[in-house]
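All values below were derived from every heavy atom in this structure, side-chain atoms included, with hydrogens, water molecules and symmetry-related copies excluded. Quick note: residue numbers are just sequence positions, from 1.
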Amino acid sequence: MCARFDFTDAAKERLEQFLQTLPAFQNRENAVTALSLFPSGDVHPTEKAPVLSKGMQEGTLALSFPVWGFPGREGKPIINARAETVREKPMFREAAGRGRCIIPAGTFNEWNRKREKVTFFDKRTPLLFLAGIERLYPEGKRFCILTTAANRSMAPVHDRMPLVLPEDLALSWILEEERMREILTLTPRDLDRRQDYEQLSLF
């Protein structure tokens, strides 16, 4: 499960650099300007976040700011989808085919069995690429973060974690449908973690 992530200043700076390297990006200057104006900080379900996805033209990418969470029953958003079943579940199947996206983050949080918050990050890079899916609803675009079985670094805290992709697979996840099955079965690399004394409620 992933119920909080932090779009840090360092992640924003690295993402701006990443956007400049992409060969086919839709409205690059506007995207970089919009990104620079987007506030850094914690992102909660039902809030907007920067997301990379397919552009309007074939083979291009675009940046948008959809809301986190597909509409669910009784107004509770559906914020995660399991990588193992995302291609089969009716709610997610179409988005997995046409709406694959990347959610950039600096860190993400998980709560252990004692309800203690643990923060995960990567010392080697300020930017994590979380695999996701998005759909267009009447009120606008929304996204979910894909989760997978916990790796060694997550297992002591929780049995699920975001599907964190290496940077060199980010574009493949979005644009190359023939690699979707392979990417969905990846085990994320081990991450670093820290635990704060301050305890926060999950919702």
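Ring pair F38/F7 is perpendicular by interplanar angle, where above 60° counts as perpendicular and below 30° as parallel. Aromatic ring orientation, W68 versus F5: tilted (interplanar angle from 30° to 60°).
Here L127 contributes atom CG and R124 contributes atom CZ; the two are 13.0 Å apart, rounded to the nearest 0.5 Å. Atoms CD and CG, from E29 and L19 in turn, are 12.5 Å apart once rounded to the nearest 0.5 Å. Atoms CZ and CD1, from R179 and I174 in turn, are 13.0 Å apart once rounded to the nearest 0.5 Å. A distance of 13.0 Å separates CZ of R181 from CD1 of I183, quoted to the nearest 0.5 Å. A distance of 11.5 Å separates CZ in R193 from OG1 in T119, rounded to the nearest 0.5 Å. Distance check: I102 CD1 to F18 CZ gives 8.5 Å after rounding to the nearest 0.5 Å.
Among T8, D6, D9, the single residue meeting the side chain to side chain donor-acceptor pair (under 3.5 Å) criterion with S40 is D9. Between V164 and the options T187, D122, L130, a side chain to side chain contact (heavy atoms under 4.5 Å, CB included) holds for only L130.
Around the CZ atom of R98, the shell of radius 6.0 Å holds no more than 12 heavy atoms that belong to other residues, nucleotides or ligands. More than 12 non-hydrogen atoms from other residues, nucleotides or ligands lie less than 6.0 angstrom from CZ of R194. Environment of NZ in K54: crowded, with over 12 heavy atoms of neighbouring residues, nucleotides or ligands closer than 6.0 Å. In this structure, Q57 places its CD atom where only 12 or fewer heavy-atom neighbours from other residues, nucleotides or ligands lie under 6.0 Å away. Heavy-atom neighbours of E178 CD from other residues, nucleotides or ligands within 6.0 Å: above the threshold of 12.
Linking ILVMFWY side-chain heavy atoms closer than 4.5 Å, directly or via other members, places V67 and L63 in two distinct hydrophobic clusters. When hydrophobic clusters are built by joining Ile, Leu, Val, Met, Phe, Trp and Tyr residues whose side-chain heavy atoms come closer than 4.5 Å, directly or via intermediates, Y137 is grouped together with F65.
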F108 vs F121, ring-ring contact (aromatic ring centres under 6.0 Å, His included): CA-CA, chis, key distance, verdict: CA-CA 7 Å; F108 65 87; F121 60 99; 9.9 Å; no

side-chain contact (heavy atoms from CB on, under 4.5 Å) between M154 and L191, intermediate numbers included: CA-CA 8 Å; M154 173 62 78; L191 298 172; over 6 Å; no

So F25 and L52, side-chain contact (heavy atoms from CB on, under 4.5 Å) or not? Walk me through it. CA-CA 10 Å; F25 198 82; L52 291 174; 3.8 Å; yes

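Salt-bridge check for E139 with R142: passed, with a basic side-chain N closer than 4.0 Å to an acidic carboxylate O. Using a 4.0 Å cut-off between charged side-chain N and carboxylate O, E167 and R14 make a salt bridge.
In terms of modelled atom types and a separation under 3.5 Å, the side chain of W173 and the main chain of C101 share a donor-acceptor contact. Not a single donor-acceptor pair under 3.5 Å links the side chain of R115 to the backbone N or O of N112. At distances below 3.5 Å, not a single donor-acceptor pair connects side-chain atoms of N27 with backbone N or O atoms of N30. Side-chain N or O atoms of N109 include none that pairs as donor or acceptor with a backbone N or O of R4 at under 3.5 Å. Not a single donor-acceptor pair under 3.5 Å links the side chain of R93 to the backbone N or O of K89. Between the side chain of S64 and the main chain of P66, no donor-acceptor pair closer than 3.5 Å is present.
The heavy-atom pair separating L163 from L186 by the smallest distance is CD1-O, 3.7 Å. Residues P188 and P162 come closest through the heavy atom pair CG-O, 3.8 Å.
In this structure the side chain of L22 reaches within 4.5 angstrom of the side chain of L61, judged on heavy atoms. You'll find the side chain of I103 stays beyond 4.5 Å of the side chain of V43, heavy atoms only.
Looking at T147 and R160, their side chains do bring a donor and an acceptor atom within 3.5 Å of each other.
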